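Scope of the values below: all heavy atoms of this structure, side chains included, with no hydrogens, waters or symmetry mates. Since this is a predicted model, take the numbers as computed values, not measurements.
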Amino acid sequence: MEENPVNPNEKVVISNAEDMGKPNLGPTFRPDNGVYQALVDHCKDLQKAFEDSTYRRDKLEEIKNARKTYEQVGDKKTLPWEDAYNLVLPLNTITVDNLEPRLHSGLIGRDPIARFEMNAVQEQSEPVKILEAWFNQELKNEIKVKKHAMGIVHTLLLEGTWFALAQYNRHEESRRDFVFNPDGSIRIHGQILTDQNGQPVMDQSGQPQPNPEFGNPITRDFVDVLYEGGEIERVAFSDVLCADNIGTDEEWERADKAFFTRPTYAELMRSKGKTGYLVDKIGPWLLPPKGLTKIPTKEQSPEQEIAKVEVTGKETIKCVNWFITYPINRVEDKPREDQEDFTEEKLFVTITADTNVLIRVALLRDFNFSNRTLLRRIRLFPEDGRSFGTSIYGKIRSIQDGTSDFFNQVLNAAMVCMIPWFFYDETSGVEKDIEIFPGKGVKVDNVKGILIPDFFKLNPANYLAFVNIFIDLWERLGNIANPQIGKVDAKEKTA
């Protein structure tokens, strides 16, 4: 038994290969950060500032509403009465689905996708043609640029900002196949058991052992490399932390930023020995609570929250990964005004989100020779001084919400006109609870004791003209022309 240095009252058992005859899997209690504590504190202070940002919070709310209107999800209404109409008209849906194929085609609809040209040279030489053909084949067959372009455009239209992690990766798959003879036939197990060199295996008496697999086909297991090279992995907007005022690409490159990941315990244990991972910080203490296979509500992305995506099927450990510039020669016990060495380095840092333990730290140039951040950003309608773009919903918000609200008011008014409420007194003989529906007569003692207000005598259709005002504005702002929605335009002029 040993004391936990973080919590002295807790007694823990240390895995020890020498004492227990088992492999040392690492610490079983939460280790301290030691010399990295100042770096961890700096990252946590930045994380709190970024997460408390009003600008980021408002943008997340905009994205959530954009997803809701795209999927036409309306909240339950209690005004003007319980379960009143709250339909979401598909203006945002139509605009996004109309623009998406046009933008996708504009990006990669031409062939070749990328054309190589030499400066001031009109015609391509043969080596340039060969290089261009190879590069475009890689884009199509290996990078799957069409699939990625479709996802990027869709996310940009719905959220205004797209984030992704660009990295080098290798994907392998274990596979089993038959062993073939030189003539192409499947090799069969013989009567005698043989070793890897084809020599008979002898038993204790020196006789060849019989082969229990006699007559069965011989198989072998091997590892296939499915893909090796650069790839991009999308990062959800809600998983990215950064400052509010990162306008240009150059500012994005220099800025401190972070993103959340959720690896499994097995993935972290297999990562020991890889670049930057601290072996003495990774161990059984990282094990998450058993059965925790759902995404907590506060950690769901807007698209997951709207679609009610919860079950992951895996127990994960939430980590925050930082691309950060830090003074590596800083003397921690000196005040800031007494520091003398201001050398800074770009670091990649991984910290467990719930327990604040640093488990990985490395120079950024260990991952990328050019020392550039691996977290990339694309914005729709970018503006200087703002970190995030604007979605289509952000552009048509007043039209989308106004049209839906007014249309629901018309439907609620029509409901009142068709099934109005009324007032009655005791002389009418109306029972307290009666069932009414169109065409049914209700017998009462005195109809003069019943009053139906006059203001229900309106024609809801008269108010649809106001809805058309919103529709006209939407068509202009959303670039929706008559031919694109199947209408025949009577006018020959475009304006």
Side-chain angles (χ1 to χ4, degrees), residues 33-51 53 56 161-170 229-237 239-263 268 271-282 318-332 334 336 339-353 356-379 382 384-388:
N33 289 306
V35 296
Y36 298 113
Q37 188 59 52
L39 174 59
V40 172
D41 292 341
H42 178 63
C43 291
K44 297 307 291 184
D45 290 343
L46 283 177
Q47 179 178 342
K48 186 178 187 308
F50 294 163
E51 289 180 332
S53 163
R56 180 178 183 271
T161 313
W162 177 84
F163 295 103
L165 190 66
Q167 56 188 344
Y168 184 88
N169 216 336
R170 177 186 175 98
E231 67 177 14
I232 56 175
E233 178 184 350
R234 186 197 161 204
V235 181
F237 184 98
D239 281 339
V240 175
L241 300 173
C242 64
D244 295 343
N245 61 340
I246 310 174
T248 65
D249 291 339
E250 291 75 16
E251 291 172 338
W252 175 259
E253 181 63 40
R254 295 191 301 266
D256 295 334
K257 62 194 78 73
F259 65 98
F260 291 105
T261 53
R262 295 163 183 83
L268 288 179
S271 297
K272 285 186 174 184
K274 293 184 178 180
T275 304
Y277 280 100
L278 305 179
V279 178
D280 59 333
K281 309 295 183 185
I282 301 175
K318 185 179 179 182
C319 298
V320 56
N321 307 273
W322 287 91
F323 294 100
I324 193 165
T325 303
Y326 192 76
I328 57 172
N329 296 328
R330 176 182 174 183
V331 181
E332 301 301 342
K334 278 187 177 183
R336 290 187 300 175
Q339 297 291 329
E340 299 174 358
D341 192 331
F342 303 99
T343 304
E344 291 186 329
E345 284 281 6
K346 290 183 178 180
L347 305 178
F348 181 74
V349 175
T350 300
I351 301 171
T352 56
N356 299 330
V357 174
L358 186 143
I359 60 175
R360 191 181 196 186
V361 58
L363 295 171
L364 179 57
R365 58 177 178 270
D366 289 340
F367 302 96
N368 186 349
F369 287 178
S370 62
N371 210 23
R372 294 177 61 83
T373 179
L374 303 179
L375 185 63
R376 313 312 299 175
R377 176 192 67 170
I378 302 177
R379 293 173 295 166
D384 287 344
R386 298 185 185 183
S387 295
F388 310 128

Check your understanding: Atom CG in Asn356, atom CD in Gln37: separation rounded to 0.5 Å?
Key -> 8.5 Å
Check your understanding: From Leu347 CG over to Leu363 CG, what is the distance, rounded to the nearest 0.5 angstrom?
Key -> 6.0 Å
Review point. How many angstroms lie between atom CD1 of Ile328 and atom NZ of Lys346, to the nearest 0.5 angstrom?
Key: 14.0 Å
Check your understanding: Is the shortest distance from a Lys or Arg side-chain nitrogen in Glu340 or Arg330 to a carboxylate oxygen in the other one below 4.0 Å?
Key -> no
Review point. Do other residues, nucleotides or ligands put more than 12 heavy atoms under 6.0 Å from Phe369 CZ?
Key: no
Revision key, fill the gap. Minimal heavy-atom distance between Lys257 and Trp252, with the atoms involved, is NZ-O, 2.9 Å
Study note, to complete from the structure: Note: Thr248 and Asp384 closest approach over all heavy atoms is CG2-OD1, 3.9 Å
Review point. For Arg234, does the CZ atom sit with more than 12 other heavy atoms under 6.0 Å from it, leaving out its own atoms?
Key: yes
**Study point:** For Trp322 against Cys43, the heavy-atom pair lying closest together
**Key:** CZ2-O, 3.2 Å
Review point. Is any side-chain heavy atom of Ile246 closer than 4.5 Å to a side-chain heavy atom of Arg377?
Key: yes
Check your understanding: Of all heavy-atom pairs between Ala353 and Lys44, which one has the smallest distance, and what is that distance?
Key -> O-NZ, 3.8 Å
Check your understanding: Rounded to the nearest 0.5 Å, how far apart are CZ of Arg376 and CD of Glu233?
Key -> 15.5 Å
**Study point:** Contacts of Glu345 that satisfy salt bridge (Lys or Arg N to Asp or Glu O under 4.0 Å) - sequence neighbours left out
**Key:** Arg365
Check your understanding: Could you go step by step and tell me if Leu241 and Arg56 meet the side-chain contact (heavy atoms from CB on, under 4.5 Å) rule?
Key -> CA-CA 9 Å; Leu241 300 173; Arg56 180 178 183 271; 3.6 Å; yes
Review point. Looking at Asp239 and Arg262, does any basic side-chain N land under 4.0 Å from a carboxylate oxygen?
Key: yes
Review point. How long is the gap from OG on Ser387 to CZ on Arg379, to the nearest 0.5 Å?
Key: 7.5 Å
Point to revise | From Arg386 atom CZ to Asn245 atom CG, the distance as rounded to the nearest 0.5 Å | key: 12.0 Å
Exercise for review: Just do the side-chain contact (heavy atoms from CB on, under 4.5 Å) check on Tyr277 and Lys272 with the steps written out, would you?
Suggested key: CA-CA 6 Å; Tyr277 280 100; Lys272 285 186 174 184; 5.8 Å; no
Practice item. Give me the one residue out of Asn321, Ile359, Val40 that meets side chain to side chain contact (heavy atoms under 4.5 Å, CB included) with Ile351. Key: Val40
**Study point:** Stepwise side-chain contact (heavy atoms from CB on, under 4.5 Å) check, Val349 with Tyr326
**Key:** CA-CA 11 Å; Val349 175; Tyr326 192 76; over 6 Å; no
**Study point:** Tyr36, OH atom: more than 12 neighbouring heavy atoms under 6.0 Å
**Key:** no
Review point. Do we see a donor-acceptor contact under 3.5 Å between the side chains of Ser53 and Asp244?
Key: yes
Study note, to complete from the structure: Closest heavy-atom pair, Glu253 versus Thr373, reported as atoms and distance to 0.1 Å, is OE2-N, 2.8 Å
Review point. Do the rings of Phe163 and Phe237 sit parallel, tilted or perpendicular, given the 30° and 60° boundaries?
Key: tilted
Review point. Can you name the ring pair (Phe, Tyr, Trp, His ring centres under 6.0 Å) partners of Phe367, sequence neighbours left out?
Key: Phe348
Point to revise | Heavy-atom closest pair, residues Ile324 and Asp256 | key: CA-OD1, 3.4 Å
Review point. With distance as the sole test, does Asn33 use its side chain to make a donor-acceptor pair with the main-chain N or O of Leu358 at under 3.5 Å?
Key: yes
**Study point:** Other residues, nucleotides, ligands: >12 heavy atoms within 6.0 Å of Glu51 CD
**Key:** yes
